[in-house]
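Take a look at the structure below.
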There are 2 protein chains.
Amino acid sequence: MKSGKISNNVIRRLPRYLRKLDELNERGVTRISSFELGQQLGLTPSQIRQDFSCFGEFGQQGYGYHVSTLRGQIASILGTDRGYRAVLLGVGNIGHALMDNFCFSEWGFHLAAAFEVNPAIIGSTISGVLVRSMDELGSYLDENHVDVAVLAVPKEAAIPVTKELEAHGIEAIWNFTNVELTEPGSSTLVENVHFSDSLLSLSYFVSERNDERAAHAARAARQ
Amino acid sequence: MKSGKISNNVIRRLPRYLRKLDELNERGVTRISSFELGQQLGLTPSQIRQDFSCFGEFGQQGYGYHVSTLRGQIASILGTDRGYRAVLLGVGNIGHALMDNFCFSEWGFHLAAAFEVNPAIIGSTISGVLVRSMDELGSYLDENHVDVAVLAVPKEAAIPVTKELEAHGIEAIWNFTNVELTEPGSSTLVENVHFSDSLLSLSYFVSERNDERAAHAARAARQ
DNA sequence: TTGAAATTGTAAAATAGTTAACAAGGAGAG
DNA sequence: CTCTCCTTGTTAACTATTTTACAATTTCAA
């Protein structure tokens, strides 16, 4: 078992492993080798073994990995058994969609409250979660332990709301705004979901493929 | 200027550069050095210069980079000036939120149509885009050139809809479902927006921090 | 019970990515 | 116009990540 700091790349692969293991579980697969897991995920078997070995010895020689056991171990590494509490800031389209569709509890999170400025929806309950006034945010955070804030407010509100969150002890933000929250000095953990970054990457790969095809066609035409 | 394949890491940083340059533009900043850009993004100046140098020489010695020129060059590298056409599959919460809130045109995309199975919303127009029946998908794709499909259907529909998209010539998918679409054999470009992966990574980092604190507290108590 | 086949965990090698260092050239003050 | 300072692009050194290779161990068929 490797010790010391685990690399970011490894961490980012863990949720993918978890997702695949869930799928295998559902399909009734009880054991899997690093070779087959690699095939299904497009990774090399050694990378998978190397990744797992950062955290312990989860497999068995000559057998492979027991799917549901491994699933549990990865889930635990990711902290899904710690019962983290979250609050949602901003019940606009995205916030609302998260409340309706995203199953926080599936990943061990409890969405305890939501906060909005629009009086039309303050006081309503969405998917079992009460929407409170943004004015109550500070006092709520003072009185309740919250591990993660889900930031889904409009662009303009992102910085002021973040400041208030930090002032009331929030140390982790799941950021759905397009704003770069990561401040040089700050120790707050920020995880960004930047839709536009994702689409732009795809745009690059599409362009690259188109360019390659055009170049190929041009070469063919010249001969 | 470097030649050959550009690394994935570089591509993933380009949208962040673009975002920062847009912000600088709005603030009226006209020039910036790699040093200052690095400060603001938490990257080293050499990495920034190295990244840009993959695509050409955009700076000027003794001066730095001209913000709006550089912005345009990166936007062009990412393909935002190619007028890609997109269609949306699934007008549920996420799909609807994308139509209302995500500004496709800001990134050079044109959202040409949306497709749904729910008869209650088929025929309606959302943010200027007509919602069509999913039954029309195949014929629409045969008659209209589409570069990217935005997949926001329920989990169960992800695979069949993807198969139909591919059967009608779609080669790039922006995937909002929690399903792993990347098939070993397929050449379709898939860009995933897996909310749960993102939250789980954050969960890991929160857990890591908590563990470090607990260990620190235990060490302090022992003395 | 035995032995071939399978599969892990890890050390070492190979590859990839990041940072440091610096020559070259332009900006800007006087 | 000249001189100093600034900042780039790029090469080389360094660091990190991935892959290869293999001893150790277990499974499973006969």
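Labels below follow one simple rule: chain letters A, B, ... track the order of the sequence lines, proteins then strands, and each chain is numbered from 1. Values below: every heavy atom of this structure, side chains too, minus hydrogens, waters and symmetry copies.
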Length of the line joining A/Phe52:CZ and C/dG9:P, which is rounded to integer Å = 9 Å
B/Ser46 side-chain proximity, nearest of D/dT8, D/dT10, C/dA20 | C/dA20
Separation of atom CG in B/Leu37 from atom C1' in D/dT7, rounded to whole Å = 13 Å
To the nearest 10°, let me know how far the axis at one end of the helix from C/dT1-D/dA30 to C/dG30-D/dC1 is tilted from the axis at the other, five pairs an end.
-> 30°
Decide, yes or no, whether a salt bridge links B/Arg12 with B/Glu191 under the criterion of side-chain N to carboxylate O below 4.0 Å.
-> yes
Work out which heavy atom in B/Ser198 is nearest to a heavy atom in A/Trp174; give both atom names and the distance.
-> OG-NE1, 2.9 Å
Are any protein N/O atoms closer than 3.5 Å to N/O atoms in nucleotides 28-30 of chain D? If there are, list each pair with its distance.
from   : atom 1 : to      : atom 2 : distance (Å)
D/dC28 : OP1    : A/Arg31 : NH1    : 3.0

Atom pair distance, as rounded to whole Å: CG in A/Asp51 and P in D/dT18 = 7 Å
Is there a donor and acceptor pair closer than 3.5 Å between the side chain of B/Gln61 and the base of D/dT8?
-> yes
Rounded distance (Å) that lies between atom C1' of C/dT8 and atom CD1 of A/Ile32 = 15 Å
Side-chain N,O (B/Tyr65) to OP1/OP2 (D/dC6) below 4.0 Å | no
Within a strict 4.5 Å, meaning less than it, do heavy atoms of the A/Phe205 and B/Ile11 side chains meet?
-> yes
In terms of side-chain geometry, is the basic nitrogen of B/Arg16 or A/Glu180 positioned less than 4.0 Å from the acidic oxygen of its partner?
-> yes
Quick one: do B/Arg27 and B/Glu23 make a salt bridge, cutoff under 4.0 Å?
-> yes
Run the salt-bridge test on A/Arg209 and B/Asp147 with the 4.0 Å N-O cut-off and return the result as yes or no.
-> no
How close or far is atom P of D/dC22 from atom CZ of A/Arg49, stated in whole angstroms?
-> 14 Å
A/Asp81 and A/Ser76: which non-hydrogen atoms are nearest, and at how many Å?
-> OD2-OG, 3.2 Å
Euclidean distance, atom CG of residue B/Leu70 to atom P of D/dG9 [Å, nearest integer] | 10 Å
Decide yes or no, distance alone: a donor-acceptor N/O pair under 3.5 angstrom between the base of D/dT7 and the side-chain of B/Gln60.
-> no
Student check: side-chain heavy atoms of B/Phe55 and B/Ile74 closer than 4.5 Å | no
Hey, are B/Arg71 and B/Asp22 close enough for a salt bridge, meaning a charged N less than 4.0 Å from a carboxylate O?
-> yes
Ion pair present between A/Arg82 and B/Glu208, side-chain N to carboxylate O less than 4.0 angstrom?
-> no
4.5 Å side-chain heavy-atom contact, A/Leu165 and A/Leu137 | yes
Does B/Thr44 place a side-chain N or O at less than 4.0 Å from the phosphate oxygens OP1/OP2 of C/dT18?
-> no
In whole angstroms, how far is the C1' atom of D/dA21 from the CD atom of A/Gln50?
-> 12 Å
Position toward the 5' end of DNA chain D (nearest nucleotide), B/Gly62 or A/Leu43 | B/Gly62
Any side-chain donor near an acceptor of the partner, B/Ser68 and B/Asn25, under 3.5 Å | no
Atom CZ of A/Phe58 and atom C1' of C/dT7: how far apart are they, to the nearest Å?
-> 17 Å
Listed pairs, N/O of protein and of nucleotides 15-17 of chain C, under 3.5 Å:
from   : atom 1 : to     : atom 2 : distance (Å)
C/dG17 : O3'    : B/Asn9 : ND2    : 3.2

